[in-house]
Amino acid sequence: MYQLRKLIKNLENEIQELVGPESISLRISNNPNFDFQINNLVKFQNHKKIKNIVNSFYKIIDKESSIKKFEITDNYFINLEINIETFTHNFDKVRNNIKVENPQTVLLDYGGPNIGKPLHVGHLRSLNIGRSLYRIYKLAGHNVLSDIHMGDWGMPIAQIISYIDQNKIDIDNINIDSLEKIYPKASNLYFEDNEFKELAQANNKMLNENNSKIIKKWHKLREISIESIKNTLQVLNQQFDLWMGESNVNHLIPGMIKKLKDDGKISHDDGAYVSNFISEPKILITKSDGSYLYLTTDLATVLNRTKQNKVDKTLYIVDKRQKLHFEQLFKSIKYFEFSDKDYQHIAFGTVNDSNGNPYKTREGDAKKLIDLFKETSLRIKQINKDLDDDTNKLLANTVLTFSDLKTNRMTDYKFDLDKFTNISGKTGIYVQYALVRAKKLLNNASINTNTLNLNIPDFDESDLNLTRELIKFEYFFNLALENNEPHHLADYLYELSNLFNSMYQNESILENKNEIVKFNKLKITEYFIAYSSLLMECLGLEPVEEM
RNA sequence: GCGCCUGUAGCUCAAUUGGAUAGAGCAUCUGACUUCGGAUCAGAGGGUUGGGGGUUCGAAUCCCUCCAGGCGUGCCA
């Protein structure tokens with residue numbers, strides 16, 4: 001697609017000369033007879049110079065060798081059919097063509113597990129979207145860092161420690177299962193039992209003051225929790241560059257508050273500190289007892305990160321209910337002059353059960369990710385019991401990832417295991433199957449496809465359809481990159497797989513006596529394999545060899 | 001109360017971020033085939049985009065209003 005950049009530039013210069021500032025954008029055509037369309041002329045249909053514009057556009061496009069055929073319709077839509085040859089030459093260079101001109105350092109903050117709590121369904125989308133964006137940014141040539149940003153400090157920790165103390169539980173022999181049971185009990189007690197609440201508040205204060213006895217317990221709990229989190233992440237094929245958390249910045253907070261106070265950026269209000277930035281609701285910086293909030297820690301994290309890494313852009317991949325929090329955070333970063341870099345909340349909707357309620361276990365807890373994985377794995381075993389464990393694991397992860405990423409991230413969606421493991425349909429299983437089939441085909445052909453060239457005049461309809469779809473890769477990649485929306489790529493991967501299956505099913509390729517036709521199809525298959533693999537990389541999927 | 005979001009085919013979701021005739025999958029129905037891996041392919045039916053008004057050459061998308069749901073809202077994270 002970048003072959004058309006010069007054309008767009010020329011058209012842009014021309015229209016700017018005639019009517020002033022205006023940009024030209026290329027879109028995928030929704031007319032099956034064409035590849036791309038330009039819609040920027042439509043709004044000038046009543047412009048006095050419209051005839052001049054059309055005339056000069058005709059001349060410019062007519063000269064462009066990568067355009068085979070074009071039309072400018074009565075209502076001034078421009079339709080372009082490309083010369084496939086000029087694009088297929090670039091199929092081998094796609095990894096270079098998607099590189100951005102100005103690479104940046106991008107930090108992705110996602111995952112966000114809490115100490116004492118297992119990874120559960122609520123973490124699924126953050127992990128999937130985060131991993132996908134990580135790979136997309138990386139493929140675009142950016143320098144990318146992921147930070148799991150653990151909830152490893154503050155009141156929840158104080159609650160757990162208080163419960164352990166109160167019930168005289170031996171912390172040295174505690175394991176992850178018992179720890180996970182303590183968390184909800186402690187949390188409930190906090191709201192029901194005033195005495196317990198006071199104890200927890202006292203412990204929280206001591207934690208913030210780095211009391212050595214409390215810190216020792218905190219260390220132990222953190223260690224157990226992280227081990228369990230790492231185990232789950234390994235099963236889900238997730239990695240992180242940084243394992244920072246709230247505890248890493250706690251020591252920065254007193255200084256931060258003091259400076260804000262001295263600079264007159266915050267003031268006392270009912271004992272708490274609020275930002276002097278005028279907004280509704282007011283932005284609360286600390287609690288009235290002097291202890292810290294979510295926002296306090298996040299602000300300190302921003303300070304810490306600006307010190308440690310030169311980050312141009314920070315993406316917080318956190319569910320959309322926290323919108324207000326991030327609005328307040330971003331306003332505060334600017335108002336407090338902590339940073340003038342780019343900060344964005346990459347919000348997403350909730351995962352619901354088939355009735356549209358948040359996905360829970362029978363007991364009413366959020367479903368553990370490890371259990372969800374096991375159920376998915378079991379379901380795949382029911383479909384094909386002969387798969388080895390590695391393949392089963394890859395397919396289970398494919399299901400959990402693809403079904404999540406094919407939906408627009410802002411939409412709440414219903415998690416339906418039956419549907420997502422369905423043998424037919426727009427599923428992760430389907431795209432894996434198409435790739436396995438394609439690889440097997442090349443294997444059976446025993447021909448070195450590297451040496452083959454496409455002979456486009458001999459293409460049949462199914463060859464053309466798949467090839468023309470491959471050309472759109474850069475378009476969808478950029479769409480996903482610019483909007484932080486992986487679902488465009490999931491949808492595109494399905495589309496490609498479908499077109500490959502269609503070509504495959506159309507006739508028996510290997511038995512074709514016409515070598516030109518046969519070699520064409522094998523070469524296209526080779527490209528399909530490369531593109532499908534690349535898309536899987538973008539989505540965080542790993543191809544299986546057999547299924 | 002205030003603020004934000006959602007409402008698209010029977011179901012689950014898209015819609016190039018304001019573009020042409022709103023598209024997919026599932027389900028339903030029809031067809032291909034003793035298969036280079038059928039976990040497949042080809043086709044059909046299915047819509048007043050919650051209702052009404054407005055802006056625009058053009059609206060599922062923007063504005064107003066009503067209806068129905070969800071979420072967030074100064075001491076959880």
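Note on naming: letters A, B, ... go to the chains in the order of the sequence lines (proteins, then strands), and numbering restarts at 1 for each one. Worth knowing before you read on, the calculation uses all heavy atoms, side chains too, and leaves out hydrogens, waters and symmetry mates. Every value quoted in this text rests on a predicted model; they were computed, and no experiment measured them.
Along RNA chain B, the nucleotide nearest A:Tyr273 and the nucleotide nearest A:Glu511 are compared for position; the residue whose nucleotide lies closer to the 5' end is A:Glu511. Nearest-nucleotide assignment on RNA chain B puts the 5′-proximal partner with A:Lys320, out of A:Tyr413 and A:Lys320.
Using a 4.0 Å heavy-atom criterion, one finds that A:His487 contacts the sugar-phosphate atoms exclusively. Within the nucleic acid shown, A:Asp289 has no heavy atom closer than 4.0 Å to any nucleic acid atom. In this structure, A:Asn79 reaches the bases: a heavy-atom distance under 4.0 Å links it to at least one base atom across the strands shown. Residue A:Asp269 is classed as a base contact, given a heavy-atom separation below 4.0 Å to a base. As judged by a 4.0 angstrom heavy-atom cut-off over every strand, A:Tyr292 is placed among residues touching the sugar-phosphate backbone only. Using a 4.0 Å heavy-atom distance criterion, A:Ser354 is classed as making no nucleic acid contact. Base engagement by A:Gln37 is indicated by at least one non-hydrogen atom pair under 4.0 Å involving a base atom. A:Lys323 comes within contact range of the sugar-phosphate backbone alone, with a heavy-atom separation under 4.0 Å but no base atom that close. At the heavy-atom level, A:Gln328 lies nowhere under 4.0 Å from the strands shown. Using a 4.0 Å heavy-atom cutoff across all strands shown, A:Ser288 reaches at least one base atom of the nucleic acid. At the heavy-atom level, A:Lys414 lies under 4.0 Å from the strands shown only through sugar-phosphate atoms. A:Met547 comes within 4.0 angstrom of a base, heavy atoms only. Among the atoms of the strands shown, only primed sugar atoms or phosphate atoms (P, OP1, OP2) are found under 4.0 Å from some heavy atom of A:Gly425.
Of the candidates B:U40, B:A15, B:G19, B:U40 carries the atom nearest the A:Ser424 side chain, counting heavy atoms from C-beta on. Of the candidate nucleotides B:G72, B:G74, B:A24, B:A24 has the atom lying nearest to any side-chain atom of A:Lys426. Here the side chain of A:Asp270 is nearest to one of B:G74, B:A20, B:A77, namely B:G74. Comparing atom distances between the A:Met155 side chain and each of B:A77, B:G37, B:C13 picks out B:A77 as nearest. When distances run from any side-chain atom of A:Tyr294 to the nucleotides B:A14, B:A77, B:U17, the shortest one goes to B:A77.
Under the Watson-Crick or G-U wobble criterion, with both distances below 3.5 Å, B:U34 has no partner in any strand shown. B:A20 is unpaired under the criterion used here, namely a Watson-Crick or G-U wobble arrangement in which both key atom distances are under 3.5 Å. Across all strands shown, B:G1 pairs with B:U73; the Watson-Crick or G-U wobble distances both stay below 3.5 Å. When both pairing distances are held under 3.5 Å, B:A27 makes no Watson-Crick or G-U pair with any nucleotide shown.
Annotation: cation-pi pair A:Lys472/A:Tyr492 absent, no NZ/CZ under 6.0 Å from the ring centroid and within 45° of its normal. Cation-pi geometry between A:Lys287 and A:Tyr273 is not met at under 6.0 angstrom from the ring centre and within 45 degrees of the axis.
Summarising the geometry, the separation between CG on A:Asp412 and P on B:C5 is reported as 14 Å, rounded to the nearest angstrom. For A:Lys43 and B:A59, the NZ to P distance is 16 Å, given to the nearest whole Å. B:C76 atom P lies 15 Å from atom CD of A:Gln322, rounded to whole Å. Taking atom CG of residue A:Asn40 and atom C1' of nucleotide B:U56, one finds them 16 Å apart after rounding to whole Å. Atom C1' of nucleotide B:A77 and atom CD1 of A:Ile160 are separated by 12 Å, given to the nearest angstrom. Per the geometry, CG belonging to A:Leu293 stands 10 Å off P belonging to B:G74, to the nearest Å. In this structure, A:Tyr492 atom OH and B:G23 atom P are separated by 20 Å, rounded to whole Å. Distance CG (A:Leu295) to P (B:U73): 13 Å, rounded to an integer number of Å.
As rounded to the nearest Å, B:G51 and B:G10 have P atoms that lie 13 Å from one another. Taking atom C1' in both B:U65 and B:A24, the straight-line distance is 34 Å, to the nearest Å. Across B:U55 and B:C13, the matching C1' atoms stand 30 Å from one another, rounded to whole Å. Remark: the separation of the P atoms in B:A42 and B:G54 is 44 Å, to the nearest Å. Using atom P as the reference point in both B:G25 and B:A59, the two lie 28 Å apart (nearest Å). Across the C1' atoms, B:G46 and B:C11 are found 12 Å apart, a figure rounded to whole Å. Comparing B:C64 with B:A20, their P atoms sit 25 Å apart, to the nearest whole Å. Separation of the C1' atoms belonging to B:G45 and B:C29 is 8 Å when rounded to the nearest angstrom.
A ring-centre distance under 6.0 Å is found for A:Tyr316 and A:Phe326.
Side-chain nitrogen and oxygen atoms of A:Arg437 include none within less than 4.0 Å of the OP1 or OP2 phosphate oxygen of B:U40. Regarding contacts with the backbone of B:U17, a side-chain N or O of A:Arg27 is found under 4.0 angstrom from either OP1 or OP2. Neither OP1 nor OP2 of B:A39 sits under 4.0 Å from any side-chain N or O of A:Asn422. Contact between the side-chain N/O atoms of A:Lys287 and the OP1/OP2 oxygens of B:C76 is found at a separation under 4.0 Å. Put simply, A:Asn408 has a side-chain N or O that comes within less than 4.0 Å of OP1 or OP2 on B:A15. For B:C57, the OP1/OP2 oxygens have no side-chain nitrogen or oxygen of A:His47 closer than 4.0 Å. For B:G19, neither phosphate oxygen OP1 nor OP2 lies less than 4.0 angstrom from any side-chain nitrogen or oxygen of A:Asn75. A sub-4.0 Å separation between OP1 or OP2 of B:G70 and a side-chain N or O of A:Thr350 is absent. Taking only side-chain nitrogens and oxygens, A:Asn501 comes nearer than 4.0 Å to OP1 or OP2 of B:C41. For A:Lys282 and B:G74, the shortest distance from a side-chain N or O to OP1 or OP2 is not below 4.0 Å. Here A:Ser502 reaches the OP1 or OP2 of B:A42: one of its side-chain N or O atoms lies under 4.0 Å away.
Anti is the classification of B:U55, since its glycosidic angle lies more than 90° from 0.
Put simply, A:Tyr494 does not rest on the base of B:A24: the two rings are not both less than 5.5 Å apart at their centres and under 30° in tilt.
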Exercise. Would A:Phe420 and A:Phe415 satisfy ring-ring contact (aromatic ring centres under 6.0 Å, His included), going step by step from the backbone distance to the final call?
Worked result: CA-CA 8 Å; A:Phe420 294 164; A:Phe415 188 93; 5.2 Å; yes

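Looking at A:Arg125, its side chain does come within 3.5 Å of a backbone N or O of A:Gly349 through a donor-acceptor pair.
Remark: the A:Arg437 side chain and the A:Gln432 side chain contain no N/O donor-acceptor pair separated by less than 3.5 Å. Residues A:Asn422 and A:Tyr430 have side chains that never bring a donor and an acceptor to within less than 3.5 angstrom of each other. Between A:His325 and A:Gln328, the side chains place no donor N or O within less than 3.5 Å of an acceptor N or O (distance only, hydrogens not considered). For the residue pair A:Ser354 and A:Asp416, no side-chain donor N or O sits within less than 3.5 Å of a side-chain acceptor on the partner. Side chains of A:Tyr76 and A:Asn39: no donor on one and acceptor on the other come within 3.5 Å.
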